[in-house]
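See structure below.
Values in this document were obtained by computation on a predicted structure and should not be read as measured data. All residue numbers in this chain count up from 1 along the given sequence.
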Amino acid sequence: MSDTPRKVVVTGYGAVTPLGHTAGATWDAMLAGRSGIDTLEGIDLTGLGVRIGGQVRGFDAARHMPSPVRRRTDPYAQYALAAALEASEHAKLVVDEEMAPRVAVVIGSGYGPVASFARSVNTLRDKGAAAISPFTPITTAIDGAAGEISMRLGAQGPSRAQSTACASGSDAVGAALRMIRAGDADTVVAGGADACVTRIDLAGSGNARALSTRNDDPAAACRPFDADRDGFVMSEGAAVLVLEAAETAAARGATVLAELIGYGASSDAHHWTAPHPQGRGARVAVEAALRDAGVAPGEVDYVNAHGTGTVLNDAVETAVLREVLGERVTRIPVSSTKSMTGHMIGAAGAVELVTAIQVLRTGTVPPTVNCHRPIDPGINFVPHEAQTHAGMRVALSNSFGFGGHNAALVVRTDPGAR
C-alpha cells in the first residue's frame, strides 16, 4: 500500500431530527431559524423539573422498514436505519455481491436503546421471565442499529457500535475515516443515533443540573453562547453518511459532496459531567483534527460548535477556539445548530457534520438562535438569522461529551485540492 493516506470522500447523507425527517427538511428548518424544541408529549413528566425537549414527531417507521424490523428495533435504531437509507439513496449506493465484503457500518450512540431496556426491566418485574421477548437481546443492544443497517444494505464488512456519550457520532465518523485509510474497508456507512428523550434520561441529566428548565418558553430554552443560558435541551434523532475511498467513489461514478480530511479525539480525565476548566481535552482534540487534516488554523472558514448552552461548556469551548484558532476565530462564522435541534447526544456530531458539509456546499451558515447577549462579542456566533459567506472551503465540527470524551472532525470541499 502507498504511504500516502487514501482520500476519503462523502457521497451521501441522511438525517432524522426534531426539525425534520430528512437531511433536506432539517437544513431548511435550520436556515429559517426554526426551533424543534417543544413541550414534551407521551412521557410521564410527574416529578420531573424539565418538561421540554426535542422529539422526532410524526415519524412513521413503516415507511422505512417492514413490520418484523419495527417490532424488534428501538426508536434509536429506527431513526438510524431511516437515515442510512436516505444516505444510501443520496449516494446512489447499491451494495452488490462483489463490493459487499468491503462495505462497513459504524453507528455511534451515547445511550442506545434506553427505552427498550427500561420496558424490558419493567416486564421482567411485573410479568416474569417467560414474558421477555426473544428479540430482547437485539432490542436492548447498543449495536442494534449497526446490525440492522448492515442487514438491510447487505454490507458484509465490519459492523459495530461506537459509544462515547455526546461525541459518539463524531467518533463513529472518525473511526470510519481511519478504517478506509487503513484499507480495512472501501465504503463505510457511518453516523450516530439516540432516542433518549425518556423519563429516565430527563431525570438523570436534570438531577445533574445539566438541562435547561425554561419550561414556559421551549423555543427560547436552548441558548448557546448567550449570557442567559441555563443548560442544554435533551433531544433525539440520527444522521448517517456514506464515506468512500476516493477511488471507489470514482469507479462507480458517485458525486463527491466533500472530503473528510481530519479527525482528532481525546479525554479530559477530569470529571463525569463537567469539562476540564481550561479545556485541556477539547483543545487536544481540535488540534489533533487540524494536524490530521494538514490544515493550519488560519485556513478554517467555519466552525459548527458543540455549543450546548450549558454555562461551563460554552465558556470552555469559546476559550479553546480563541486559543487554537487565534485571531481567525473573530473573522469566521461560529454557529451552534443545537440552538434549534437541541442536543441529540450520540446523533449530534453526525448531524452537525452534515450541516458543516452543507455550509461549505452552499455558502450559507445556519444561525445560533436565542443568542441575544453573546458571551464573547468578538466572535460571530451568527445570531438569529442565517448568513452568507463566500469562498468557504474548510469546516471544523466539535463534539465534547460527558465523561470527558472529545472529538473533532475537519471537512473540506474541492477534494481534488489535496
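Taking 4.5 Å as the limit, every side-chain heavy atom of Thr213 sits out of range of all side-chain heavy atoms of Ile52. Within the 4.5 Å cutoff, side-chain heavy atoms of Asp201 are placed close to those of Val114. Side-chain contact check for Pro383 versus Thr368: every heavy-atom pair is 4.5 Å or farther apart. Counting only heavy atoms from C-beta outward, the side chains of His389 and Asn380 approach each other to under 4.5 Å. Phe232 has its side chain within reach of Leu211: a pair of non-hydrogen atoms, C-beta onward, lies under 4.5 Å apart. Side-chain contact check for Gln78 versus Val16: every heavy-atom pair is 4.5 Å or farther apart.
Salt-bridge annotation for Arg181 and Asp292: present, with a side-chain N of the basic residue lying under 4.0 Å from a carboxylate O of the acidic one. Look at Arg331 and Glu327 and you find a salt bridge, because one of the NZ, NE, NH1 or NH2 atoms lies within 4.0 Å of a carboxylate O, short of that distance.
Screening Leu409, Thr164, Asn406 for a side chain to side chain contact (heavy atoms under 4.5 Å, CB included) involving Asp171 leaves a single residue, Thr164. Of the listed residues (Leu40, Leu202, Asn207), just one forms a side chain to side chain contact (heavy atoms under 4.5 Å, CB included) with Leu48, and that residue is Leu202.
Glu317 contributes a side-chain N or O that, together with a main-chain N or O of Gly307, makes up a donor-acceptor pair within less than 3.5 Å. Judged purely by atom type and a 3.5 angstrom limit, Asp194 has no side-chain atom pairing as donor or acceptor with the backbone of Ala238. Between the Glu236 side chain and the Val56 main chain, a donor and an acceptor come within less than 3.5 Å of each other. Between the side chain of Arg160 and the main chain of Val106, no donor-acceptor pair closer than 3.5 Å is present.
Heavy-atom minimum distance, Ser235 versus Cys196: O-SG, 3.6 Å.
Side-chain contact check for Arg57 and Gln55: at least one donor-acceptor pair (N or O, by modelled atom type) lies under 3.5 Å. Side-chain atoms of Tyr302 and Ser335 form a donor-acceptor pair, as typed in the model, at a separation below 3.5 Å. Side-chain contact of Thr139 with Asp74: a donor-acceptor pair under 3.5 Å is absent, judged by distance alone. Under the 3.5 Å distance criterion, with hydrogens and angles disregarded, no donor-acceptor pair is assigned to the side chains of Arg322 and Thr318.
His271 has its ring centre no less than 6.0 Å from the ring centre of His276.
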Thr17/Thr26 under side-chain hydrogen bond (donor to acceptor under 3.5 Å, both in side chains): CA gap, chis, key distance, verdict | CA-CA 7 Å; Thr17 76; Thr26 297; 2.9 Å; yes
Full working for salt bridge (charged side-chain N to carboxylate O under 4.0 Å, His left out) between Arg328 and Asp301 | CA-CA 9 Å; Arg328 179 69 171 175; Asp301 298 309; 2.7 Å; yes
side-chain hydrogen bond (donor to acceptor under 3.5 Å, both in side chains) between Thr248 and Arg252, intermediate numbers included | CA-CA 7 Å; Thr248 302; Arg252 68 180 191 87; over 6 Å; no
